[in-house]
Amino acid sequence: YQEIKIDFSNRNFEYSFAWYKLLVEKMVNFLNPLYCGSIITLPAFFSIFKEIKVWPPLGWITYFSNDYELPIPDDLEGIEYEHTEKGKYLILTKEDFTVSKEAYERQRDKLIKLMEEIKRRVPEYSK
């Protein structure tokens, strides 16, 4: 398994949901991965993510191929799904949650809750 990371956190630009969605879609179409996403890389998020021991983490936009080995549920509450011929996108929100600390924390907590639910329903999701 190969992991590719592209970090946009050190840029002086603010990218919209549409920009990130297009980037993830292009990567999926070009690389045909089993998993791909626009993931929060802030240490405050990753320290909690490591505590709950799940893999892979969910992000703002997360893609799972139909060939992904774990059965990621299609009925998680509070997340939007977009199904394609090759897989599915899980969309946390289409709003920019980086506008305030409160908005970020709300979405971070939502992601953690969703990952904990997947872990409960699909034990293999745990590292």
Side-chain angles (χ1 to χ4, degrees):
Y1 138 78
Q2 183 177 2
E3 185 173 311
I4 299 170
K5 294 180 184 179
I6 303 171
D7 184 357
F8 293 98
S9 62
N10 294 326
R11 308 275 187 220
N12 291 324
F13 303 103
E14 292 186 22
Y15 299 106
S16 67
F17 169 82
W19 188 89
Y20 281 105
K21 179 73 165 37
L22 182 62
L23 178 66
V24 172
E25 287 173 342
K26 295 293 183 187
M27 290 177 66
V28 166
N29 290 334
F30 182 71
L31 300 172
N32 199 29
L34 295 175
Y35 161 81
C36 183
S38 174
I39 309 300
I40 300 167
T41 59
L42 297 173
F45 174 74
F46 262 82
S47 64
I48 295 168
F49 154 69
K50 289 179 180 182
E51 288 175 23
I52 62 174
K53 298 179 180 165
V54 295
W55 182 259
L58 297 182
W60 190 3
I61 305 159
T62 310
Y63 169 82
F64 289 99
S65 165
N66 289 336
D67 295 330
Y68 191 72
E69 69 265 14
L70 299 180
I72 302 300
D74 280 336
D75 61 349
L76 297 169
E77 189 174 324
I79 200 159
E80 183 179 330
Y81 289 87
E82 287 184 15
H83 291 270
T84 69
E85 186 178 308
K86 293 182 176 184
K88 63 185 166 194
Y89 292 89
L90 284 67
I91 299 169
L92 177 66
T93 179
K94 292 183 178 177
E95 302 300 318
D96 182 358
F97 59 90
T98 64
V99 295
S100 72
K101 182 179 179 183
E102 294 78 19
Y104 162 76
E105 289 174 346
R106 198 170 35 254
Q107 296 304 324
R108 178 203 61 205
D109 293 347
K110 184 175 162 184
L111 278 176
I112 291 167
K113 181 180 173 186
L114 288 163
M115 289 187 289
E116 287 175 335
E117 182 179 347
I118 295 172
K119 180 179 173 178
R120 182 180 53 76
R121 293 172 59 184
V122 182
E124 300 85 8
Y125 183 61
S126 183
K127 283 184 171 186

**Fill in**
Scanning both residues in full, the closest heavy-atom pair of Ser38 with Val24 reads N-CG2, 4.0 Å
**Message:** Within the structure provided, determine whether Leu92 and Phe17 are in side-chain contact (heavy-atom separation under 4.5 Å).
**Reply:** no
**Asked** Sub-3.5 Å donor-acceptor pair from the side chain of Tyr81 to the main-chain atoms of Leu76, do we have one?
**Response** yes
**Message:** Please tell me whether Leu31 and Leu22 are part of a single hydrophobic cluster in this structure, the criterion being side-chain heavy atoms less than 4.5 Å apart.
**Reply:** no
**Flag, side chain of Thr62 to backbone of Gly37, donor-acceptor distance under 3.5 Å** = no
**Message:** I need the Asp74 CG to Ile79 CD1 distance, nearest 0.5 Å.
**Reply:** 11.0 Å
**Atom of Pro71, atom of Val122 and distance for their closest heavy-atom approach** = O-CG2, 3.4 Å
**Item:** CG-CZ distance between Leu111 and Arg106, expressed to the nearest 0.5 angstrom
**Value:** 13.0 Å
**Prompt:** If you measure from OG1 on Thr84 to OH on Tyr89, what distance do you get to the nearest 0.5 Å?
**Reply:** 6.0 Å
**Message:** When you compare the side chain of Lys88 with that of Ile72, does any pair of heavy atoms fall below 4.5 Å?
**Reply:** yes
**Request:** Taking all non-hydrogen atoms of both residues into account, name the closest pair between Leu34 and Tyr68 and its distance.
**Result:** O-CD1, 3.7 Å
**Asked** Under the side chain to side chain contact (heavy atoms under 4.5 Å, CB included) criterion, do Glu124 and Glu69 qualify, and how do the steps go?
**Response** CA-CA 10 Å; Glu124 300 85 8; Glu69 69 265 14; over 6 Å; no
**Asked** Which distance, rounded to the nearest 0.5 Å, do you find between the SG of Cys36 and the CG of Leu23?
**Response** 7.5 Å
**Prompt:** Crowded around Glu77 CD? As in, over 12 foreign heavy atoms under 6.0 Å?
**Reply:** no
**Message:** Any non-hydrogen side-chain atom of Pro56 less than 4.5 Å from a side-chain atom of Tyr125?
**Reply:** yes
**Message:** Quick check on Glu95: does its CD atom have over 12 non-hydrogen neighbours (other residues, nucleotides or ligands) under 6.0 Å away?
**Reply:** no
**Request:** State, yes or no, whether a side-chain contact exists between Leu58 and Ile118 at a heavy-atom distance under 4.5 Å.
**Result:** yes
**Asked** Atom NZ of Lys21 and atom CD1 of Ile91: how far apart are they, to the nearest 0.5 Å?
**Response** 5.0 Å
**Message:** Which heavy atom of Ile52 sits nearest to which heavy atom of Lys119, and what is that distance?
**Reply:** O-NZ, 2.7 Å
**Asked** Could you give the distance from CZ (Arg120) to CD (Glu117), rounded to the nearest 0.5 Å?
**Response** 5.0 Å
**Request:** Provide the closest heavy-atom pair for Thr93 versus Trp60 in the form atom of the first, atom of the second, distance.
**Result:** O-NE1, 2.6 Å
**Request:** Identify the heavy atoms of Tyr63 and Lys86 that sit nearest to each other, and give their distance.
**Result:** OH-O, 3.3 Å
**Message:** Any side-chain to backbone donor/acceptor pair from Tyr35 onto Pro57? Under 3.5 Å, distance only.
**Reply:** yes
